[in-house]
Amino acid sequence: MREEITPVRPADLIGEVAKLKIQGYRLVTLSCTEIDANCIDVLYHFDKDLGLKHLRLTAMKAEPVPSISPVYFAALLIENEIQDFFGLKFQGLVVDFQGMLYLEEEALKTPFCKFSIQTAEKTSAPSIAHAEPAEPPAAAMPGEPAPGEMDS
Amino acid sequence: MRKTVIPFGPQHPVLPEPIHLKLTLVDERVVEAIPNLGYVHRGLERLADVRDFHQMIQVVERVCGICSMIHAHCYCMGIEELMAVEVPPRAQFLRVIWSEVHRIQSHLLWLGLFADSFGFESLFMQFWRIREKIMDISESTTGNRVIVSVNVIGGVRRDLSAEQTRWLLTELDWVEEQIQRLQTTMMEDYTVKKRTVGKGVLTAQQAYELGAVGPVARGSGLSQDTRQTSYAAYGELYFEPVVETEGDCYARSKVRFREALASVDLIRRALDKLPAGEVRAKVKSLKPPKGETVMRVEQPRGELLYYFKGSGEKNLDRLRIRTPTFANIPPLLAMLPGVYLSDVPVVTLSIDPCISCTER
Amino acid sequence: MQAVKRFINRMRSKSPWLLHFDCGSCNGCDIEILACLTPVYDVERFGIINVGNPFHADVLLVSGTVNHRNKKVLTNLHAQMPSPKLVVAIGACGLSGGIFREAYNVVGGIHKVLPVDVYVPGCPPKPEAIIDGVVLGLQKLQRLHEQPSVEKEA
Ligand code: SF4
């Protein structure tokens, strides 16, 4: 990468991020990569006057990472997305979708983790083996008709 | 005070794409909005595991059909940086030209949909009539209307002939004139002003803190445009970000109008300066991408970021796409409180939501 | 009464109303569908109107792949439409999953959840092809109207 990357530890994360916010940095996004069975690499990208700055956090899968969404509200969706894709838990999320932001029950859990998929032996999602749709999410669609009304 | 919770979407007449907002209302006013995504989620970042880095161009083009050219542009730039490919200058200019063609197309599309969202259907038809001309330009110069597929690693697939250039210039004159005519019609209309002025206000401070990008940020007075980083040929073309300060729906549409006109100018200037030479560098003998990098470009909707991580294999280890609408959803959530329920479609559309980008 | 019903059914296939649902599409197909409605292609000359309400619609245009979340919305919409109804799948995605078929959240083509009457191939199909597909579907709709069983139901 052209820009420098500053490594941070989970304990210092919030402090570092708050410092950047005071300096006037804008949160661009978080990028997440799985390194091995235990570690996940989280990159925090910040921007100020078209210059980028990155923080790198190496997180253990089992341990929750402090959420930066109280500092930068914009991190809310990004952290929820990582929670969906990698199963990494964030502590103190402003709105927690509980890993249901994108995925329904039928789709495989933590689809971006190559290692945990193998251990959990959950290969690709079954196509249409489940004819009966599962319970709709709490925010149901208006005008739900009775199931099985579909004619063919 | 009684609170009502109203689901907005996923299937809604003004929304071309499914997004679901859970709105909490007190009387007629929104007090809280919670998004519920995932109706368009496909998981295409993971396709990098099964497609090699050349084939991924076709996949990233289909992140979003409206700005497919710019997605592929960004992707190719990132891979070219990792592989240290020198892109010929003519290809750089051609990429800019097609990107700007796409920007005009996208802005016209949005202006049409926006007019439709407050019931101005004839204006919608007018915008799409002009847009068809842009589609003709796309089709005759690249071979495709929507997904243009001209980018390859190391350059572009097609070239412009002198005859095409001349034709393009005359078509652009027509497009510019038509856009200007509609600009007067739309921006000075009493009813349009009534529906957009002062609706969904986002202050500059809020926009910056919530990470707004693109026309949403520029409509709030932030002069921030990724094209200023001079990627591709933008450094050689004079250009200034378009900024408005009011931060409401009206300002955001003004930004898009002016940007569409600025894009016409950019294309003209790029055609004027178009250097001669090759359009494609040879990359066959080079090693697959290794290392990690971040690439940013400006889409019609704002800043787009790609993160690449390769390990010298044919398949990328990780490809992360942060699309502009994804960054513009938190600002939308800040705009909605205080808005009347009947204005929710207008305010939602004013960020130019592209859901298939957001959810990938 | 029979004559009135027959009259209504005949008229329905002369002026079919469309409902468009975007199911995980990349937008490429959606904008081409919308382009059909605009002055250059103008499907209104066939009496076709785009509506937002499933209860009014005769033809369901679906673009994109089915995923696990929008599957439920799609079946809901289809169930809300009055029969006889027509389903037109647009684009490579609607046919088979297209370029996304290997992605983890993709169930596949529209036929996995709904009975599809017309398939329009292309990525994205040109507006001409989409209009062609809808017109082809209308012939089927007319045949359905003429079937006595449907008339009784209607
Ligand atoms: S068929 Fe092609 S254009 Fe249509 S939604 Fe699928 S990927 Fe997009």
Side-chain angles (χ1 to χ4, degrees), chain B residues 9-18 20 36-47 49-51 55 58-59 61-68 71 105-106 109 112-113 116 121-122 124-133 135-136 139 144-147 149 354-357 359-360, chain C residues 19-42 44 50-54 56-57 60 63-74 76-77 80 91-93 97-107 122-129:
Chain B
Q11 218 276 335
H12 192 280
V14 306
L15 294 175
E17 292 174 274
H20 183 114
N36 188 2
L37 306 171
Y39 293 96
V40 199
H41 178 61
R42 292 149 286 180
L44 55 78
E45 288 171 4
R46 261 310 286 278
L47 283 178
D49 291 354
V50 285
R51 307 275 159 87
Q55 293 171 324
Q58 269 68 39
V59 175
E61 278 184 331
R62 282 158 181 82
V63 171
C64 168
I66 306 178
C67 29
S68 61
H71 271 288
Q105 180 263 109
S106 169
L109 174 140
L113 289 177
D116 197 39
E121 202 174 321
S122 58
F124 164 75
M125 296 288 179
Q126 292 292 342
F127 281 117
W128 281 63
R129 180 177 56 86
I130 310 174
R131 185 177 163 271
E132 279 302 323
K133 192 60 100 189
M135 302 310 267
D136 286 349
E139 192 172 7
N144 275 316
R145 278 166 58 87
V146 178
I147 297 191
S149 266
C354 174
I355 310 301
S356 70
C357 267
E359 301 176 0
R360 304 170 308 277
Chain C
L19 174 70
H20 167 220
F21 184 64
D22 163 1
C23 232
S25 110
C26 82
N27 266 340
C29 286
D30 304 333
I31 54 179
E32 293 294 61
I33 292 173
L34 273 180
C36 292
L37 306 169
T38 55
V40 177
Y41 297 98
D42 195 16
E44 271 182 37
N50 189 24
V51 289
N53 187 336
H56 297 170
L60 178 63
S63 55
T65 62
V66 178
N67 73 19
H68 291 287
R69 186 164 285 183
N70 64 31
K71 187 168 72 188
K72 295 154 200 169
V73 186
L74 184 62
N76 269 341
L77 282 178
Q80 286 169 359
C93 286
I99 195 162
F100 310 121
R101 67 188 175 281
E102 288 131 337
Y104 58 86
N105 203 25
V106 168
V107 177
C123 184
K126 296 189 74 167
E128 291 94 332

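Letters go in sequence order (proteins before strands), and every chain restarts at 1.
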Cut-off 4.5 Å, heavy atoms of chain C, and the answer for B/R145 is side chain

All heavy atoms of B/W128 vs all of C/I31, minimum pair found to be CZ3-O, 3.7 Å

Sequence neighbours excluded, the answer for side chain to side chain donor-acceptor pair (under 3.5 Å) partners of C/S63 is C/H20, C/D30

Heavy-atom nearest pair, B/C64 first then C/N27, reads SG-ND2, 4.0 Å

Taken to the nearest 0.5 Å, the spacing of C/C26 SG from B/H71 NE2 works out to 9.5 Å

Worksheet item: Going through the checks in order, is the side chain to side chain contact (heavy atoms under 4.5 Å, CB included) test met by B/M135 and C/V40?
Response: CA-CA 11 Å; B/M135 302 310 267; C/V40 177; over 6 Å; no

Whatever's closer than 4.5 Å to a heavy atom in chain C on B/F124 counts as side chain

Sorted by chain and number, sequence neighbours left out, side-chain contact (heavy atoms from CB on, under 4.5 Å) with B/V50 holds for B/L47, C/E102

From the list B/I355, B/N144, B/V146, the residue making the most non-hydrogen contacts under 4.5 Å with chain C is B/V146

Of the listed C/G28, C/P39, C/C29, the one with the largest count of heavy-atom pairs under 4.5 Å with chain B is C/P39

OG1 (C/T38) and CD1 (B/I130) are apart, to the nearest 0.5 Å, by 12.0 Å

dist C/L34:CG -> B/L113:CG (nearest 0.5 Å) comes out at 6.5 Å

**Prompt:** C/N67 side chain to B/H41 main-chain N or O, any donor-acceptor pair under 3.5 Å?
**Reply:** yes

Heavy-atom side-chain contact between C/D42 and B/M125 under 4.5 Å: no

Honestly, the part of C/L37 sitting under 4.5 Å from a heavy atom of chain B is backbone

The interface call for C/C123 against chain B, heavy-atom contacts under 4.5 Å, is both

Cut-off 4.5 Å, heavy atoms of chain C, and the answer for B/E139 is side chain

Pair count under 4.5 Å, heavy atoms only, with chain C: among B/E61, B/Q126, B/R62, B/Q58, highest is B/R62

